[in-house]
Protein chains: 2
Amino acid sequence: MLSKTKRLLFEKQAEIAKAIAHPLRIAIVDFLKDGEQCVCDIAEHIGAERSNVSRHLSVMVNAGLLGFRKKGLKVIYKLKTPCIVDFFSCVSDVLKQQVRDNEKLLKAL
Amino acid sequence: MLSKTKRLLFEKQAEIAKAIAHPLRIAIVDFLKDGEQCVCDIAEHIGAERSNVSRHLSVMVNAGLLGFRKKGLKVIYKLKTPCIVDFFSCVSDVLKQQVRDNEKLLKAL
DNA sequence: TTAGTATATGAGCATATAATCACATAGTAA
DNA sequence: TTACTATGTGATTATATGCTCATATACTAA
């Protein structure tokens, strides 16, 4: 059986994973990997409402994925833990495997 | 603005991330990293109902994270893409950073 | 055949998440 | 001061997710 500590760890990890698990948030991370950006530019880049983007950003800040600083009127967000980007190389592996599986299926027809 | 292709890619990636983003599913992945297991043993190990575990497993199979084979009455699940485990090393980095941030806060009191 | 075991799944309910709109706040600039 | 801009947030609604119970399916063994 799982220990209490392990249970707690898995819950923390799930919180972080959840904070990544949304298409717009992934788009934001992908945009921020090239450098920090303000809310308005992020919103324009991913094509979503500012209020919506603002909420997604705060989800990721709360999860510890992003940091921010204020500069005049603007709030500028940046990736806090660059390894998040590595996560997507694994996700890509999963996607590639899916494609291979589909090819197998096709050939079997 | 984002291309249609990028949008689609981010959605696929989000699906995969979502499939990981649950404490019980993370516990399952953690259990399976040491080798394939049947539903009943997984359920016992993580301390959850079989029907519930069965659902979580099918979520991960659909996402392409797990594969399975049938052996008599049992269905045996295994990790399909071992790099999923690496994902957690990044998550751990985020958690460690959170701890460091909290320590900073404490010292500032 | 019957009984038993492992797994999967439909229905129902509770909760969580996401998007939108309207409004509030905070800084800038005239 | 007023007007403007960037951001954040409360309220609402729609949708998604997760859990439980009951039931269905499939295999085993007597």
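Values reported hereafter were calculated over all heavy atoms of this structure, with side chains retained and with hydrogens, waters and symmetry mates removed. Since the structure is predicted, the reported quantities are computational estimates derived from the model, not experimental observations.
- Following rounding to the nearest Å, A/Leu57 (CG) and D/dA6 (C1') show an atom-to-atom distance of 13 Å.
- Every side-chain contact (heavy atoms from CB on, under 4.5 Å) that A/Leu79 has, sequence neighbours left out, goes to A/Val29, A/Leu32, A/Lys33, A/Leu66, A/Ile84, A/Val85.
- In this model, the phosphate group of C/dT17 is not approached by any side-chain N or O of A/His56 to a distance below 4.0 Å at OP1 or OP2.
- With contacts defined as side-chain heavy-atom distances shorter than 4.5 Å, the pair A/Cys38/A/Lys71 does not qualify.
- A/Glu36 meets the salt bridge (charged side-chain N to carboxylate O under 4.0 Å, His left out) test with A/Arg69; sequence neighbours excluded.
- In this structure, B/Glu49 atom CD and C/dA6 atom C1' are separated by 14 Å, rounded to whole Å.
- Scanning for salt bridge (charged side-chain N to carboxylate O under 4.0 Å, His left out) contacts around B/Arg100 gives an empty result, with sequence neighbours left out.
- The CE atom of A/Met60 sits 9.0 Å away from the CD1 atom of A/Ile20 when rounded to the nearest 0.5 Å.
- Scanning residues 31-47 of chain B for heavy-atom distances under 4.0 Å to DNA chain C yields B/Cys38, B/Val39, B/Cys40.
- With sequence neighbours excluded, no residue satisfies side chain to side chain donor-acceptor pair (under 3.5 Å) with A/Lys78.
- Every side chain to side chain donor-acceptor pair (under 3.5 Å) that A/Lys80 has, sequence neighbours left out, goes to B/Asp101.
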Can you tabulate the close N/O pairs, meaning under 3.5 Å, that link protein atoms to atoms of nucleotides 9-13 of chain D?
from	atom 1	to	atom 2	distance (Å)
D/dG10	N7	A/Arg55	NH2	3.2
D/dG10	O6	A/Arg55	NH2	2.2
D/dA11	N6	A/Arg55	NH2	3.2

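- Atoms CZ (B/Arg69) and P (C/dA6) sit 17 Å apart, rounded to a whole Å.
- Using a cutoff of 4.0 Å between basic side-chain nitrogens and carboxylate oxygens, A/Lys74 and A/Asp41 are not scored as salt-bridged.
- One hydrophobic cluster, built from ILVMFWY side chains closer than 4.5 Å, holds both B/Val39 and A/Leu2.
- Residue A/Asn62 contributes atom CG, which lies 13 Å from atom P of C/dA18 at whole-angstrom precision.
- Across all strands, A/Tyr77 comes closer than 4.0 Å only to sugar-phosphate atoms, never to a base (heavy-atom distances).
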Polar atom pairs (N or O), protein with nucleotides 24-30 of chain C, under 3.5 Å:
none

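- Atom CD1 of B/Ile28 and atom P of C/dT7 are 12 Å apart (whole Å).
- With sequence neighbours left out, B/Glu15 forms a side-chain contact (heavy atoms from CB on, under 4.5 Å) with no residue at all.
- Applying the side-chain contact (heavy atoms from CB on, under 4.5 Å) test to A/Cys83 and every residue at least two apart in sequence or in another chain returns A/Thr81, A/Asp86, B/Cys90, B/Asp93.
- For the segment residues 14-22 of chain B, the set of residues with a heavy atom within less than 4.0 Å of an atom of DNA chain D comprises B/Lys18, B/His22, in numerical order.
- The side chain to side chain donor-acceptor pair (under 3.5 Å) check on A/Lys96 picks up nothing, with sequence neighbours excluded.
- Counting only heavy atoms from C-beta outward, the side chains of B/Phe88 and B/Ile26 approach each other to under 4.5 Å.
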